[in-house]
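A short write-up of the structure that comes next.
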Amino acid sequence: MSSPARSEARPHLQGVRVSKSESSQKKIQAIRGMNDLLPGQSALWQYFEGQVRNLMQRYGYAEIRTPVVEQTALFKRSIGEVTDIVEKEMYTFDDRNGDSLTLRPEGTASCVRAAMEHGLLHNQTQRLWYQGPMFRYERPQKGRYRQFHQIGLETFGLEGPDIDAEVILLSARLWRELGLFDHVTLELNSLGSLEARAAYREILVAYFEDHHDQLDEDSRRRLTSNPLRILDSKNPQMAEMLAAAPKLIDHLDDESREHFEALTGMLDAAGIAYVINPRLVRGLDYYGRTVFEWTTTALGSQGTVCAGGRYDGLVEQLGGKPTPAVGFAMGIERLVLLLETLELVPDDALGELDLYLLAMDDSASSQALLLAERLRSALPDLRVQLHCGGGSFKSRIKKADKSGARLAILLGADELANGTATLKFLREERDQLSLPQAELAETLRRLLDDTRA
Ligand code: ATP
Ligand code: MG
């Protein structure tokens, strides 16, 4: 940026001549709500993603990767025309052919499309997981972005309630392993069958019509298009009226009620606490029966970190054979934020360097390069950065200090002459050691075992 305020704040730049073309060209910046993930953060993301990937494998899930762009019709037909996502949040554009394409706002529709397209749903069950960027045109704020990232899973061909319970247990295990379990709450509801929902809809509309004067503008619009979503409204002026509204859970069909009771029975047996939230309806049309969200109070109003449910009708709706399905998605930004807020990031998850290896002058560069390679072969866990780019001895030591590594190895003319290396402790008051190069790997192994144990 070259605004006047900025250059005043940097007096040393005053009077520096800026060429005309430079000053008239505004620097290009990232798109609002779409974030760069910088080195300080990426280690934390990798830690989180690594934990989830590992867990998915332990539960027998296989990864699926689909394109970030799909035909617009896929999302309209699956998420539903009268949902926030489709009505106002999608990034939709015509490509050069005139086809309407959309940056995926969520992962389930693409996953179903791909599974159908490749015959993954023929007479077989599937347990799939995915991860990647999603795009929604929302007002950016803490925990809410226009490009955000989800990790999710989808299962196909299983009617539940055992699988419903297992996907919830999988998420619960993740919270435990991350140290988050005491900071999240499981909210649960059943949306019943299509028929039960249709009957309930009439009861609900009648109730809202009796309270028409209390509905806000958005809700009045939804009264004809999607009255269940009114229950989801966060308008405090409507809270009391909504709390007293008839509850879908009291109007379930028998099968859905049995399904729900069996699910809660399994969660009870597994010792997973939950809160039944009769107003939990989820913002996507494809859900039926089980819906759930894991929420936290530690992130302000963006409190849902994981959300999902059963969507038995979706495959058929997209042209496939009727296939029961259940899944969930979690928001990586919110979970990473939560880990940071609660200071639950283990030190060694931050990917810090163990060792900075430097030649004291250029004559030892080649030997330093080879020594670093030998150490990497001998100690595959070692995080070692080689000093590159020359410079004075002083500047090399400064770089070693700044690298964050605990140890430095120095190679100079003396070391080369007698086959040794100098080991320096960068973060402890401890004398440096001169070691035969042949013993280096063993010494480093011991030092690292001590710190990592
Ligand atoms: P919200 O009620 O917060 O808008 P949602 O119901 O629209 O969430 P889902 O479509 O269920 O969200 O997506 C699952 C998860 O993805 C959410 O629980 C949240 O953690 C994350 N998520 C959704 N939208 C965003 C966003 N714009 N920015 C960051 N994370 C998001
Ligand atoms: Mg939303």
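Remember, predicted model here, so these are calculated numbers, not experimental data. Numbering of ligands and ligand atoms starts at 1, following listing order.
- Residue pairs meeting the salt bridge (charged side-chain N to carboxylate O under 4.0 Å, His left out) criterion with at least one member in residues 244-253, sequence neighbours excluded, do not occur.
- The closest heavy-atom contact to atom 30 (N) of ligand 1, among the options Y287, F148, Y145, comes from F148.
- Heavy atoms of E138 approach ligand 1 to within less than 4.0 angstrom.
- Below 4.0 Å from some heavy atom of A329 lie the following atoms of ligand 1, by number and element: 14 (C), 15 (C).
- Taking any N or O of T304, backbone or side chain, at least one lies under 3.5 Å from an N or O belonging to ligand 1.
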Would you mind writing out the side-chain donor-acceptor pairs for residues 177-186 within the sub-3.5 Å range, not counting sequence neighbours?
unit_1, atom_1, unit_2, atom_2, d
E177, OE1, R58, NH1, 3.1
E177, OE2, R58, NH1, 3.4
E177, OE2, R58, NH2, 2.9

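- Taking every non-hydrogen atom of A307 and a distance limit under 4.0 Å, the qualifying atoms of ligand 1 come out as 11 (O).
- Residue contacts with ligand 1 for L335 are absent, since no atom lies close enough (heavy atoms, distance under 4.0 Å).
- Taking the six-membered ring where the residue is Trp, the centroids of F208 and H212 are separated by 6.0 Å or more.
- Residue contacts with ligand 1 include Q150, since one or more of its heavy atoms lies under 4.0 Å from the ligand.
- Two residues are said to be in side-chain contact when any heavy atoms from C-beta on lie closer than 4.5 Å; E333 and L337 fail this criterion.
- Taking the six-membered ring for Trp and thresholds of 30 and 60 degrees, H251 and Y200 have ring planes inclined between 30 and 60 degrees apart.
- Looking at R136, K142, R139, it is R136 that brings a heavy atom closest to atom 7 (O) of ligand 1.
- Note that R136 lies outside the cation-pi zone of Y91, set by a 6.0 Å cut-off to the ring centre and a 45° limit from the axis.
- Ranked by closest heavy atom to atom 3 (O) of ligand 1, the top entry among Q141, Q302, R144 is R144.
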Query raised in the report: When you look at S193 and E255, which way does the side-chain hydrogen bond (donor to acceptor under 3.5 Å, both in side chains) test go after all the steps?
Result: CA-CA 8 Å; S193 66; E255 279 182 13; over 6 Å; no
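- Contact annotation for R334 and ligand 1: only side-chain heavy atoms (C-beta onward) come within less than 4.0 Å of the ligand.
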